[in-house]
Chemist: 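The structure follows.
Numbered from 1 within each chain, the chains take letters A, B, ... in sequence-line order. Worth saying up front: this structure is predicted, and the values here are computed from it rather than measured.
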Amino acid sequence: MKRTHYCGALRASDAGRDATVMGWVHRRRDLGNLLFLDVRDRSGIVQVVFNKETQPEAHAKAEQARSEFVVAVEGRITKRERANAEIATGEVELVAMKLHILNNAKTPPFPIEQEISASEETRLRYRYLDLRRPKPHRNLALRHKILLEMRKTMDEMGFIEVETPMLTRSTPEGARDYLVPSRVHHGKFYALPQSPQIFKQILMIGGLDRYFQIVKCFRDEDLRADRQPEFTQLDVEMSFPRQEDIFSVIENVMVRACAVANEFRDIREGDAPIVVGAPFQKMTYEEAMCRYGSDKPDLRYKASIIPLDEMVSAGLIATLGISCPLVGFHFSQQNLRIPNSLSKTAIKNIVQTVVEQADKNIPEVSARSRSLGKPALFVDWCLVGDQQQILRSPALAEAMANKTGATKGDILFLGALRGENDPKHKYLVHRCFDLLRNRLKDYTNEYDPKRWEFLWLTNFPLFEWSETDKTWVSAQHPFTGIVDEDLEKLESAPWEVRSKGYDLVLNGVELGSGSIRIHRQDVQERLFKALGLTEEQLRRRFGFFLDALTYGTPPHGGIALGLDRVTMLLAGEKSIREVIAFAKTTAAVDLMAESPSAVDQIQLEELNIAIPWERVVTCGTCGARWKLAGYKFSEVGGASQRFRCGSCQTDTQVLVEPGVNIAVEKLDS
RNA sequence: GGGGACGUAGUUCAGUUGGUUAGAACGCUGCCCUGUCACGGCAGAGGUCGCGAGUUCGAGUCUCGUCGUCCCCGCCA
């Protein structure tokens, strides 16, 4: 028996031909002597009809069929009298001659339908059922096509895909590593790569000139909707590049990826095609922070933050106990999406929410609020022409209106922080107004969610202040290049030094980041000194790489794009879990595979690994409390053991892990 | 590590100031039905109210703890 057609492929033009389809029973409609089965495969659904009079055997078998049974149907493609416009194969049906039930199935925990109602937890646990739905198919196919197009594009531009090790060494920089114990070298560990950073730079030293790789990376950090512990990057590095060269490589890749995505979007209703043009917009980090309060601004909303320092008198600032910088924001009522949706009460609520949100989500703000005993974020606002006052000053409101072109009815916001200005938190109030801007965007036509706004962010600061270490630390990895004219400030004013690092942002989502690297040894040494790294620390952290750098390193630079995020956005999804076949939960658990899991004792023994174990036991007879401590090999197979109380010599049953060297200690009661 | 939301039938949910036998829809099982297409009709099964303590005459409901899922901060390119 051979499959001749995919279910979704049958058309009126095939009428009269015989066909054999194979797939899952999507739905059964039993009318007694007439029975319909909708049969589904990857391509779609076709209706199969069973008639008791003409094909009693097939009909009898169809009566046994249930949801998700796997079947093969031999029959004749027949034009229907009344077509079903809802499905692609609706003009025809398969008149069954034979039905083969290839496998039966338990009733699925949720129906296999386009629009899923089951919780994400259930979907992840039964991922193989969730994957039978058309949308996961589409997302995975889109992902495949994007990655394929990227490989083709990179190849055409002369890049060579080189694989780098998955079992490599831990570097204490950056994220926490996933460690892999070595059986051969007791007590030593490989690390899974956080990224192939060092290797790709070494490939440049190796003269590869243009490298790329679509590669899994691993970071043992907490998860988010756009973050999984393992994720896929398009990793790129090239020799002798100008920043523009790297930008145009990625622009080329992304424009073609968007074109691929458009082929998928056309089949969905209400999806506007993605329109993008290269080159993408560019903005420095400083400009982004000043105008949007974010290093990944969503440019689908045009309105930006207005600097107000020079418009406000020092006296007024002193009176209110606020500090520079002061920022403003202009909301134009002319572009209000729903008329009258922004009442004074609504604005008040927005302002209050923003103040609360800043307090909650920006640690520097909440710390300041705590020490002040009141919200650190100060926000004032007015309606232009309505007893217009900002900071109790009609003149200031008018000046603001003049500067922003605000007209009657428009809303002006002013924000500042209470307390002293702190140069370490230069953009703190801007970041608060990023929250305001995000809250207002849903009210205005100036925000167009259908647009696709790519943005390059450049000149990131080289250092950032670490509150935990109370010092300036490298904002990216310590091989990030330094803007030439800022080199002299490396020792005197490190916070002003700009790097040759850049990010690619799409619609407020960071897609990737990279940099032109340092290739000169003298600059590298100065940077290490500025970071306060000793020779010994450097050796320990970067040993072999420092050696490599001394053998004629060419100028080089690169970037890495997060492909899960790229696919997520192009698929129109809100979580990368929707574009990953087997995703993990926010606790980094695979609910289907049930990983991570305990392992056999023998495996741990081979690796010389023991896991500390501890339990407090209270004696049932005399009430004495004992701490049992030891090492277990795994969480499986706990067993009841007899424990003799040292005080009253009574035996009690205690659940003890299979372990060694159990130590007993009496606790004070 | 911190904050928030949620957890009741296979699934999605409702469940009043704490009060008799915990409900609905879909799904499932059986019977009837020859043109359905989310088929329809009749009948039926299905519950450790996540788990554990506590308050109470009485807890799905209140309190504490714990586990799980999701979102956010920290963390993370």
Chemist: Between B:rG68 and A:Thr585, is there an OP1 or OP2 to side-chain N/O distance shorter than 4.0 Å?
Modeler: no
Chemist: Provide the distance between the two P atoms, one in B:rG58 and one in B:rU12, to the nearest whole Å.
Modeler: 34 Å
Chemist: Just say parallel, tilted or perpendicular for the rings of A:Phe479 and A:Phe542, cut-offs at 30° and 60°.
Modeler: perpendicular
Chemist: Is it the case that B:rG74 (base atoms only) and A:Arg224 (side chain only) share a donor and an acceptor within less than 3.5 Å, ignoring hydrogens and angles?
Modeler: yes
Chemist: Tell me whether the side-chain N/O atoms of A:Arg29 come closer than 4.0 Å to OP1 or OP2 in B:rC33.
Modeler: no
Chemist: Quickly work out the A:Leu35 CG to B:rC39 P distance and round it to whole Å.
Modeler: 12 Å
Chemist: Take a 6.0 Å sphere around CD of A:Glu63 and say whether it holds more than 12 heavy atoms from other residues, nucleotides or ligands.
Modeler: yes
Chemist: Please report the distance separating the C1' of B:rA14 from the corresponding atom of B:rC26, rounded so that it comes out in whole Å.
Modeler: 15 Å
Chemist: Please classify the nucleic acid contact of A:Asp220 as base, sugar-phosphate, or nothing, using heavy-atom distances under 4.0 Å.
Modeler: nothing
Chemist: Mind checking whether A:Asn104 and A:Arg66 have side chains closer than 4.5 Å, heavy atoms only?
Modeler: no
Chemist: Does any nucleotide pair with B:rG44 by Watson-Crick or G-U wobble geometry, both distances under 3.5 Å, and what is it?
Modeler: B:rC28
Chemist: Provide the Watson-Crick or G-U wobble partner of B:rC13, both distances under 3.5 Å; none if there is no partner.
Modeler: B:rG23
Chemist: What interatomic distance, in whole Å, is found between P of B:rG18 and the corresponding atom of B:rA25?
Modeler: 28 Å
Chemist: Would you indicate what A:Glu510 reaches in the nucleic acid, counting non-hydrogen atoms under 4.0 angstrom: base, sugar-phosphate, or nothing?
Modeler: base
Chemist: Between B:rU36, B:rC75, B:rU69, which nucleotide has the shortest distance from any of its atoms to the side chain of A:Arg227?
Modeler: B:rC75
Chemist: Using whole Å, what does the distance between atom P of nucleotide B:rU69 and atom CG of A:Leu223 come to?
Modeler: 11 Å
Chemist: How far, in whole Å, is B:rG47 from B:rG3 if one measures between their C1' atoms?
Modeler: 33 Å
Chemist: Heavy atoms, side chains only, cut-off 4.5 Å: are A:Thr232 and A:Thr567 in contact?
Modeler: no
Chemist: Using atom P in both nucleotides, what's the gap between B:rU8 and B:rG50 to the nearest angstrom?
Modeler: 6 Å
Chemist: Can we say A:Arg577 and A:Asp564 salt-bridge, meaning some charged N sits less than 4.0 Å from an Asp/Glu carboxylate O?
Modeler: no
Chemist: For the residue pair A:Arg498 and A:Glu286, establish whether any side-chain heavy-atom pair is separated by less than 4.5 Å.
Modeler: no
Chemist: Measure from the side-chain N and O atoms of A:Glu93 to the backbone N and O of A:Thr78, and report whether any donor-acceptor pair falls under 3.5 Å.
Modeler: no
Chemist: With respect to the side chain of A:Gln476, which nucleotide from B:rA38, B:rA77, B:rU69 is positioned closest?
Modeler: B:rA77
Chemist: To the nearest Å, how far apart are A:Ile362 CD1 and B:rC73 P?
Modeler: 10 Å
Chemist: By nearest heavy atom, map A:Leu34 and A:Glu86 onto RNA chain B; which one lands nearer the 5' end?
Modeler: A:Leu34
Chemist: Considering only B:rU29, B:rU34, B:rC76, which nucleotide approaches the side chain of A:Glu221 most closely?
Modeler: B:rC76
Chemist: Taking the C1' atom in each of B:rA22 and B:rG15, what is the distance between them to the nearest angstrom?
Modeler: 8 Å
Chemist: Let's see if you can work this out: which of B:rC72, B:rC75, B:rU36 has an atom nearest to the side-chain heavy atoms of A:Ala225?
Modeler: B:rC72
Chemist: Let me know the distance between CG of A:Leu31 and P of B:rG40, rounded to the nearest Å.
Modeler: 10 Å
Chemist: Is there a donor and acceptor pair closer than 3.5 Å between the side chain of A:Asn84 and the base of B:rC37?
Modeler: yes
Chemist: Kindly point out which of B:rA77, B:rC72, B:rG35 is positioned nearest to the side chain of A:Asn361?
Modeler: B:rC72
Chemist: Under a 3.5 Å cut-off for both contacts, is B:rC33 paired Watson-Crick or G-U wobble with anything, and if yes, with which nucleotide?
Modeler: none
Chemist: Counting only heavy atoms not in A:Glu594 (residues, nucleotides, ligands), do more than 12 fall under 6.0 Å from its CD?
Modeler: no
Chemist: How does protein reach along nucleotides 3-14 of chain B, written 5' to 3' as B (base within reach of a heavy atom under 4.0 Å), S (only sugar-phosphate), or - (no contact)?
Modeler: S------SSS--
Chemist: Can you tell which of B:rG1, B:rC37, B:rC76 lies closest to the side chain of A:Ala175?
Modeler: B:rC76
Chemist: Report, as yes or no, whether the 6.0 Å neighbourhood of atom OH on A:Tyr126 holds more than 12 heavy atoms from other residues, nucleotides or ligands.
Modeler: no
Chemist: Return the value, rounded to whole Å, for the distance between atom CG of A:Asp222 and atom P of B:rC72.
Modeler: 12 Å
Chemist: Please enumerate all residues that pass side-chain contact (heavy atoms from CB on, under 4.5 Å) together with A:Arg11, with sequence neighbours excluded.
Modeler: A:Ser13, A:Asp14, A:Ala88, A:Thr89
Chemist: Among the candidates B:rC76, B:rC70, B:rU69, find the nucleotide nearest to the side-chain atoms of A:Arg577.
Modeler: B:rC70
Chemist: Between B:rG1 and B:rU17, how far apart are the C1' atoms? Round to whole Å, please.
Modeler: 39 Å
Chemist: Could you tell me how far B:rC67 sits from B:rA77 if I compare only their C1' atoms? Round to whole Å.
Modeler: 33 Å
Chemist: In whole Å, what is the span from the CD atom of A:Gln228 to the C1' atom of B:rC70?
Modeler: 13 Å
Chemist: Judged by each residue's nearest nucleotide on RNA chain B, which is more toward the 5′ side, A:Ser67 or A:Asn51?
Modeler: A:Ser67
Chemist: Does B:rG65 have a Watson-Crick or wobble partner in any strand here, with both distances under 3.5 angstrom, and which is it?
Modeler: B:rC51
Chemist: Do any side-chain nitrogens or oxygens of A:Arg40 fall under 4.0 Å of OP1 or OP2 in B:rC37?
Modeler: no
Chemist: Determine whether a donor-acceptor pair (one donor, one acceptor, N or O, separation below 3.5 Å) exists between the side chain of A:Glu93 and the base of B:rG35.
Modeler: yes
Chemist: Under 4.0 Å from OP1 or OP2 of B:rC39: is there any side-chain N or O of A:Arg27 that close?
Modeler: yes
Chemist: Please classify the nucleic acid contact of A:Ala560 as base, sugar-phosphate, or nothing, using heavy-atom distances under 4.0 Å.
Modeler: nothing
Chemist: Under 4.0 Å, counting only non-hydrogen atoms across every strand here, what does A:Glu81 touch: a base, just sugar-phosphate, or nothing?
Modeler: nothing
Chemist: From the options B:rG27, B:rG68, B:rC71, select the nucleotide whose nearest atom is closest to the side chain of A:Thr586.
Modeler: B:rC71
Chemist: Does B:rC70 pair with anything, Watson-Crick or G-U wobble, both distances under 3.5 Å, and if so, with which nucleotide?
Modeler: B:rG4
Chemist: Output the single nucleotide from B:rA38, B:rG35, B:rU69 whose closest atom is nearest the side chain of A:Arg80.
Modeler: B:rG35
Chemist: For A:Phe454 and A:Phe280, take the angle between the two ring planes, folded into 0 to 90°, and tell me which bin it lands in: parallel under 30, tilted 30 to 60, perpendicular over 60.
Modeler: parallel
Chemist: Check whether any side-chain N or O of A:Arg82 sits under 4.0 Å from OP1 or OP2 of B:rC37, and answer yes or no.
Modeler: no
Chemist: Can you measure A:Glu68 atom CD to B:rC28 atom C1' for me and round it to whole angstrom units?
Modeler: 14 Å
Chemist: Rounded to whole angstroms, how far apart are CD on A:Glu594 and P on B:rG68?
Modeler: 13 Å
Chemist: Name the pairing partner of B:rC76, where a pair is Watson-Crick or G-U wobble with both distances under 3.5 Å, or state none.
Modeler: none
Chemist: Is there side-chain contact between A:His26 and A:Arg132, with at least one heavy-atom pair below 4.5 Å?
Modeler: no
Chemist: A:Gln47 side chain: which of B:rG35, B:rA77, B:rG68 is closest?
Modeler: B:rG35
